[in-house]
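Inspection log for the structure reproduced underneath, given as structure tokens.
Every chain is numbered from 1, with letters handed out A, B, ... down the list of sequences.
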There are 2 protein chains.
Amino acid sequence: MKATIYDIAREAGVSIATVSQVINGKGKISEKRRAEIMEIMERLNYQPSAIAAALTGKQTYTLGLLVPDISNPYFAELARAVEDRSRQLGYSVVICSTDNKDERVERYLNLLQQKKVDGMMIGTGIRNAGILTPLLQQSIPFALIARHMPSLAVHTVATDDRLGGALAAQHLLDLGHTRVAVLSEPARVSSSQERLRGFREVLEKAGYTLAPERIRESTAELNAAKAAVLELLGQSAQPTALFCCNDIQAIGALQAAKELNLRVPKELSVIGFDNTILASVTSPPLTTIAQPIEELGRHAVDLLIEELKQERQPARNMILKPWLVVRESTTKAPG
Amino acid sequence: MKATIYDIAREAGVSIATVSQVINGKGKISEKRRAEIMEIMERLNYQPSAIAAALTGKQTYTLGLLVPDISNPYFAELARAVEDRSRQLGYSVVICSTDNKDERVERYLNLLQQKKVDGMMIGTGIRNAGILTPLLQQSIPFALIARHMPSLAVHTVATDDRLGGALAAQHLLDLGHTRVAVLSEPARVSSSQERLRGFREVLEKAGYTLAPERIRESTAELNAAKAAVLELLGQSAQPTALFCCNDIQAIGALQAAKELNLRVPKELSVIGFDNTILASVTSPPLTTIAQPIEELGRHAVDLLIEELKQERQPARNMILKPWLVVRESTTKAPG
DNA sequence: TTGAAAGCGATACCAA
DNA sequence: TTGGTATCGCTTTCAA
């Protein structure tokens, strides 16, 4: 059986209170006793029960992270960043994939609460902000990553998606593209809507319009994206450039183009969003809008942990700047 | 403050024991009481404390998963599979990235123990099998994914790496390649060594040899792999084909080839391993050995949970078959 | 069908 | 410096 604090105390001939002090480096214990007790803990391979400690109100040193899909490289890279920073600071992370379903978000939120995580980071879309109110009521610290809930006063770390969309549009305009199309994510993904908005604004300011039939939606799955793009390109008056709201979709676009024997970028320029590892390995390599993924993760963790230490901070809103990474999937408009 | 079982009991005018029975659907409680208590729990937004329950010996319904790097798509896809299956079965998963360092593995192992996870899955390399003995002693169920510890009698789910290597070699031989090279992972990654072994065996059986200078090692990082391949290709008598022990390395190889103006597959055939999303998006798309990632994850979870239910099973060893996926990065040997 | 009470393994306050 | 003990929230006999 596992050794408990009682075993250690008995073995050392002291009380459990003393052992507890040694474990936590509190109180005044004589050097001799301390060494003695440490030695016994070592010998019995004693691991204090985090469960029991948590029950008495101690922190669990665990954070929760909700993402839609950990197998999407963007979220995997984000998770990695969150995990790295957390570990540096002595916390561990429970990662949950929600598939962008409110029902699952709710289940995981409950689960994490029951497990008494010290804080949560939410990087998944939520349709109904209401499911977050229990968290607020019980004042469990949390932060949103790359999502916005304007109705709630919570910490937020995000990329300036609108600017990202604008950068994409400007890049295409600079290359002379005026007949452009967009592959966006479903309306529930607010970041995607912002990207679309920024894109459209720049386009319109330049005197062009983005007709509704030039916009398609798909999830962030390769095949869904590919199918959507096939439809999009089936139209008369094909666009000369396509803005996709994430790299996976952009890859779906590359594959669709290939299937239609459309050469990228010669006949169709494609620009993505995220700048995950995917963007650097495609053929042609993907021009894309880069998100500061590592920073997003790091700041979210920092914000959360800061809040843990000093009670209720005013909600902060960090907006990080995206930037354009030009590779080989975009070029001058034909003609 | 959060409601506890006492609040519910008081409100309902019953004892906490009764409430506990209702929560767990045990014992015989009158329909009326049950409904009453349920209603109160609902109203007070009561969430039983998983922490307190765990302390009394109940399961935590949490599993641990150790991988070297969650931002590597192979492990991200594996984690996704593990998570999906676990959720189906009512468990949640704590994912930890170890960076292939024993020291971190040990830390996480302790952490997971302290958190009293019900079982662990280890998909990370371990140099010193000794750090697993505490787990065995305390009979915490665990399973190895895609790793082998022949010295330990533990559940193992893995791909037949040797066969995978053999398939790769056979494919290259079939295409007429005899001057081949290998990019493997460091010796501590046993799966990689097995792939190399299988590859070499087939090659030698066909009467060819794999000279030491034709083998390079690198980690599973893009840049490291690229650098290693640049060295490898710098030799006189360049190989006509290259087998890489994972897709990321293969991509590093594609990039190195590009830098050297070597056309793939015309002048250099490249074959990878894993068949992650990466393989389908590169240029050219990557011929690779596919691992049944989803099955690996699923079986590992099933094995573990089976063990949780029925005490100590004999250690099982599931070896799943890899297969060849031919895309466009390999072709007939020149000449 | 329900309740009283003894743990589970730690923490922390108050005495000694 | 140390120890006694109440406490955290829940599960689980054993009685009633």
Open item on the list: Heavy atoms within less than 4.0 Å of DNA chain C: which residues of residues 29-39 of chain B have one? Give them sorted by number.
Closed with: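 Under 4.0 Å from DNA chain C: I29(B), S30(B), R33(B).
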
Task: Exceeds 12 heavy-atom contacts within 6.0 angstrom, atom CZ of R104(A) - done: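 Yes, because the 6.0 Å sphere around CZ of R104(A) holds more than 12 heavy atoms from other groups.
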
Open item on the list: Strictly below 4.0 Å, N to O, side chains only: are E294(A) and R298(A) in salt-bridge contact?
Closed with: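 Salt bridge: yes.
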
Open item on the list: Would you compute the distance between atom OG of S97(B) and atom CZ of R80(A) and round it to the nearest 0.5 angstrom?
Closed with: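 The OG atom of S97(B) sits 5.0 Å away from the CZ atom of R80(A).
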
Task: L112(B) side, atom CG; L63(B) side, atom CG - distance, nearest 0.5 Å - done: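 Reported value, rounded in 0.5 Å steps: 10.0 Å.
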
How about [X] and [Y]: do any of their side-chain heavy atoms sit closer than 4.5 Å?
X: V82(A); Y: M121(A); value: yes
X: L303(B); Y: M318(B); value: yes
X: T62(A); Y: K115(A); value: no

Rounded off to whole Å, could you give me the [atom1]-to-[atom2] distance for the [X] and [N] pair?
X: R10(B); N: dA4(C); atom1: CZ; atom2: P; result: 14 Å
X: I51(B); N: dT11(D); atom1: CD1; atom2: C1'; result: 15 Å
X: L55(B); N: dT7(D); atom1: CG; atom2: C1'; result: 12 Å

- [ ] Kindly indicate, with the supporting measurements, whether the criterion side-chain contact (heavy atoms from CB on, under 4.5 Å) is fulfilled by Y91(B) and R85(B).
- [x] CA-CA 9 Å; Y91(B) 288 74; R85(B) 183 57 172 175; over 6 Å; no

TODO: Produce a footprint string for nucleotides 10-16 of chain C: one letter per nucleotide, 5' end first; B if the base is under 4.0 Å from any protein heavy atom, S if only the sugar-phosphate is, - if neither.
DONE: BBB----

